[in-house]
Amino acid sequence: MQYSEDQADAYDAVTTALMSAGVDLENETLLPHAEGSDQVLAILGKAGSGKTLLLAHLADALTDAGVELISGDYEGKPRKDRRTLAILAPTNKAASVLRNRGVQATTIHRILYTPMYDPEYEKIAEWLNGQGERPEIEGLTDAALDRAAEFFKVNKSIPGALATAGLRGSDFIIGWKRREEPLDIGFIDESSMLDDKQFDDLKEIFSTLVMFGDPAQLAPVGQSGAMAFENIPKSRQRHLTRIHRQAGDSPILDLAHALSDAELTFQDFERMIEDTARKDDRVVMAPSVQSDLMARSPVLVWRNATRIRLIQAFRRAFDAPEDRLLSGEPLICDGIELPMKHRKKRIDLEARGLIKGAQCVYLGDGRKPGFSRLHVIGAEDPQVSAASIIKIEAPDQEEPFIPFAARMGAAFVHGAACTIHKAQGSQWSDVQVFAPDLFVAAKMGRIEAGIPLWKRLAYVSITRAVDRLHWVKNYRLARPTGPLHTDDLRSQISNELTLEPMEE
């Protein structure tokens, strides 16, 4: 492809760094890692500047040169002569956004903890990765292995391929372990979300780290507006300034980039949204929040109090009882509450996608008291049953209402609304932005890293929308058009997969 000048400069900077690390992309030559060649680079740019495209092309060039792409679900036996690449994102949702664009990404957590396979079934994984002969496994037919191979050609997922052969994770994964072997090259997308601890962990694992991030987004909470890549020397940063518009010229991106005008006021920006909405149906000036959309994509708000009130309004709109959840209600994982003696169970749950910030949909009660059946959005194997602690917050109450809970397990808050901070790294087809909250931020006049806070909030929330932006002007909720359902979740699972009963 034809790169823009800034993309070409960034590509050259990465290839130069890789050359010093023993990876020659131009001649497709690999050398062993040289001690003392550790380095960190940052490729920075706003939405639409081509960061993801550049990441994908660099990943293709590395695999063409013979670098082994490490995924989160299987890793072959270490070899002295191999060079490795892992493409990471801070959350399941951010990783799924990359996978939907054809980039084999996984979460940071899945690289920190690697699965241990049963030796018999590991032969299948090695064969699928081109590292062994076609195996003969008792109980698996040639047709089952053929199905696994066809699936792997398209999806590059070992667990998914084994599932098409009729195996479940409990058949072939016997445990999880903290990574001991270092890796060579790490590409980190959505690196504006990294906190300092994650950044330090990654530098311990990877000798060459390339961070792709958007400096206009919001810094992690508790870091005083600073992002991890800001400490990288300027000589190791490359900025993508040219905006490559989406197909059909995206009015959503136009609005996002208009926020860089220092003279733009909140009132001017709302008038700009109104003008755009009159000309393009991909931008909607909404008089109220649409409760139907909240079931799959949360309303984005700034204030926590607003989030709680909108969640309560959503549950009332769908006649949800106080003492239980309805099938189809959205949840957000708030972490794993397990004592240290259950470390293996914690790793297992997190490996299935139940990490802090993961979006889920409640499917119903599990077979044991306190267990929930869940669909983890963006996970490669999305359906799971887990001991759950569900927290429903209410206005003016310090402690949340808990309709039911196991003694320990995965903790959840309701997902009909979430803060803009927590939405970073996620994208949805339709996004509702609660404008009254942003107006309050504008009136307060707060500045973060030299930029008015309301502009950062508006920029992040707007760029979460893929197809349509709903700018909600009023504190009102429209009635739902029908009851909650889960039919749409079945279509997100490959037709090749046989859905097995979820076990507690």
Side-chain angles (χ1 to χ4, degrees), residues 72-73 91-93 95-96 107 109-110 113 115-116 118 157-160 162-164 166-176 295-296 320-321 323-339 341-392 402-415 484-504:
D73 53 43
T91 65
N92 283 299
K93 186 65 175 177
S96 71
T107 62
H109 186 273
R110 288 291 291 270
Y113 294 98
M116 296 183 291
D118 181 287
S157 168
I158 295 291
L162 294 178
T164 66
L167 300 169
R168 292 178 294 174
S170 57
D171 294 326
F172 54 84
I173 294 179
I174 58 176
W176 300 83
R296 293 296 178 267
D323 60 344
R324 63 183 177 88
L325 293 177
L326 296 176
S327 178
E329 286 198 64
L331 299 171
I332 296 175
C333 183
D334 201 36
I336 306 296
E337 298 186 2
L338 289 173
K341 67 179 182 179
H342 293 286
R343 178 175 173 273
K344 182 181 178 298
K345 186 62 178 176
R346 172 191 293 273
I347 293 172
D348 189 37
L349 288 173
E350 291 176 339
R352 292 294 303 274
L354 289 176
I355 62 176
K356 191 175 180 68
Q359 291 179 272
C360 304
V361 176
Y362 177 77
L363 301 178
D365 295 342
R367 289 194 295 271
K368 294 181 181 179
F371 276 71
S372 300
R373 293 184 297 116
L374 304 162
H375 183 104
V376 185
I377 294 176
E380 293 183 14
D381 185 11
Q383 298 210 354
V384 64
S385 183
S388 306
I389 304 165
I390 312 292
K391 305 173 184 178
I392 307 296
I402 300 178
F404 67 88
R407 289 186 296 108
M408 55 189 178
F412 297 91
V413 295
H414 207 277
L484 287 169
H485 64 89
T486 60
D487 298 343
D488 57 314
L489 302 179
R490 290 281 170 174
S491 66
Q492 295 179 24
I493 303 172
S494 170
N495 292 330
E496 296 290 332
L497 294 178
T498 301
L499 299 180
E500 300 286 350
M502 290 173 285
E503 298 178 353
E504 279 82 40

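The structure presented is a predicted model; accordingly, all values stated were derived computationally and were not measured.
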Can you see which heavy atom on Tyr362 is nearest to which on Leu326, and at what distance?
-> CD2-O, 3.4 Å
I would like to know whether Val384 and Cys360 meet side-chain contact (heavy atoms from CB on, under 4.5 Å); could you show each step before the answer?
-> CA-CA 10 Å; Val384 64; Cys360 304; over 6 Å; no
Qualifying residues under side-chain contact (heavy atoms from CB on, under 4.5 Å), relative to Ala411, sequence neighbours excluded = Asp334, Glu337, Ile389, Lys391
Is a side-chain donor or acceptor of Ser388 paired with a backbone partner of Phe371 at a separation under 3.5 angstrom?
-> no
Got a second to check how far Ile377's CD1 is from Ile332's CD1, nearest 0.5 Å?
-> 9.5 Å
Shortest non-hydrogen separation from Arg296 to Gly328 and the atoms involved | NH1-O, 3.2 Å
Rounded to the nearest 0.5 angstrom, the CZ-CD1 distance for Arg324 and Ile392 is 13.0 Å
Nearest-0.5 Å distance, OG1 of residue Thr486 to CZ of residue Arg373 = 8.5 Å
Considering only heavy atoms from C-beta outward, does the side chain of Val361 approach that of Ser327 to under 4.5 Å?
-> no
Atom OG in Ser385, atom CZ in Arg367: separation rounded to 0.5 Å?
-> 7.0 Å
Do His414 and Pro330 touch side chain to side chain, with heavy atoms closer than 4.5 Å?
-> yes
Please report the shortest heavy-atom distance between Ile336 and Leu354, naming the atom on each side.
-> CD1-O, 3.3 Å
